[in-house]
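First the structure, in the form of structure tokens, and then the observations on it.
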Amino acid sequence: MIHTPIQKLEFPNDRNVRLYCKREDLLPFSLGGNKVRIGRAFFRDMQEKNKDCMIIYGNSRSNLCRVLANLCCAEKIPCYMICSSEENEEQPIETNNSRLMKWLGAEVIPCRKTEIAQTVEQTMNRLTEEGYHPYYIFGDKFGTGNEGTPVQAYVDGYREILAWEKEQNISFSHIFAASGTGSTQCGLVSGKLLEQGTEQIIGLSISSREYDRAIRIMESGISDYFAKNHLVLPEGWESELHLEMGYRQGGYGQYDERILQVIREEFCRNGLPLDPTYTGKAFWGMKQYIEEHQLQDCDVLFIHTGGTPLFYDCILNDTDGGKK
Ligand SMILES: *Cc1c(COP(=O)(O)O)cnc(C)c1O
């Protein structure tokens, strides 16, 4: 995997906080993003388990589904997407990602959020009857058992950051990233534990998952990864999991004008494409956090986790361009 650039951003503030951004959105496959690294980890796992078709789960905004469908399409592996809609949606909405899924030829199986396990099971059974050996990325039908697999992606990502810090003689006090499934955060934290890093890694929740459940899932991801790789977790490692729940604005995909303003501002100021579901929400949350915790005289890293198609969804829907 190539190293993505880390760039200094224009970040006007009174307390000498210097802000940097790791551009994971520039990874050179399928419009980039953290899901390129994570998707490749799942794809490799499928191959190692000798499976010959892929079942993925997500909603119409899912970047992971786009990247996995793209990998499958390129490698001629049949790909099935179980697609849920949010409670407030009648059916899955159309987005740039859902349109790309059609190009990529993935079969989309719509499903209610309450019927995921059942739909996964039915799809696994159907494909098995057809003679396939299906692989479901999240493990069993309840979505557990494969938490360790994507962790390596951001152990590698963390090591890239560490190498950059050494080379530039800069040491980050904080690393911020949007946290959804928690895979990215698990990888960063595992990397920090393995390399004895000093940064505070802060996940900004963008999902509807409750705190306890989100933490439990990350704990099993990290312990699963360490166990699989015959590594020993240091005493008290759980205290490295920092997840901020206060900037979710009502849950997954929900946002208000404050987030849209940050998105327009960052594009104008730094040429940075952000979106309201993931990176824009996280960037806004990070700015709030920096104010609320009065961070000062420090170097802070924001990980741009990608989602370029959602940036274009955002422009398309922002019909008044901020001029109300
Ligand atoms: C999936 C995703 C996230 C969240 O990453 P997790 O590893 O699921 O926590 C953040 N940003 C973007 C753009 C994503 O697609």
message = According to side-chain contact (heavy atoms from CB on, under 4.5 Å), who are the partners of F29, at least two apart in sequence or on a separate chain?
response = V36, R40, V67, N70, L71
Would you call [X]-[Y] a salt bridge at under 4.0 Å N-O?
X	Y	answer
E210	R216	no
E195	R159	yes
E147	K228	no

Quick one: do the [X] and [Y] side chains pair a donor with an acceptor below 3.5 Å?
X	Y	answer
Y20	Q168	no
T4	E24	yes
S84	K113	no

Please name the pair of heavy atoms, one in [X] and one in [Y], separated by the smallest distance, quoted to 0.1 Å.
X	Y	answer
G33	L27	O-CD1, 3.4 Å
M81	N59	CE-O, 3.4 Å
G180	I206	CA-CD1, 3.9 Å
N16	D297	ND2-OD1, 3.1 Å

Checking the side chain of [X] only, and the main-chain atoms of [Y] only, is there a donor and an acceptor separated by less than 3.5 Å?
X	Y	result
N270	E266	no
R61	I93	no
K35	R66	no
D52	Y132	no
S223	E219	yes
K281	I259	no
Q249	D256	yes
E121	T119	no
R269	E10	no
N229	Y225	yes

Does atom [atom1] of [X] have more than 12 heavy-atom neighbours from other groups under 6.0 Å away?
X	atom1	result
Y252	OH	yes
K166	NZ	no
E130	CD	yes
Q196	CD	no

Going by the angle between their ring planes, with limits at 30° and 60°, are [X] and [Y] parallel, tilted or perpendicular?
X	Y	result
F302	H304	perpendicular
Y136	F138	perpendicular
F11	F283	perpendicular

query = Taking C-beta and beyond as the side chain, do I56 and L64 meet within less than 4.5 Å on heavy atoms?
reply = no
request  = Nearest 0.5 Å please: distance from the CE atom of M101 over to the CD atom of E107.
outcome  = 11.0 Å
request  = With sequence neighbours left out, write down each residue that passes salt bridge (charged side-chain N to carboxylate O under 4.0 Å, His left out) with D25, or none if nothing qualifies.
outcome  = R23
task = For K8, check salt bridge (charged side-chain N to carboxylate O under 4.0 Å, His left out) against everything at least two apart and list the hits.
result = none
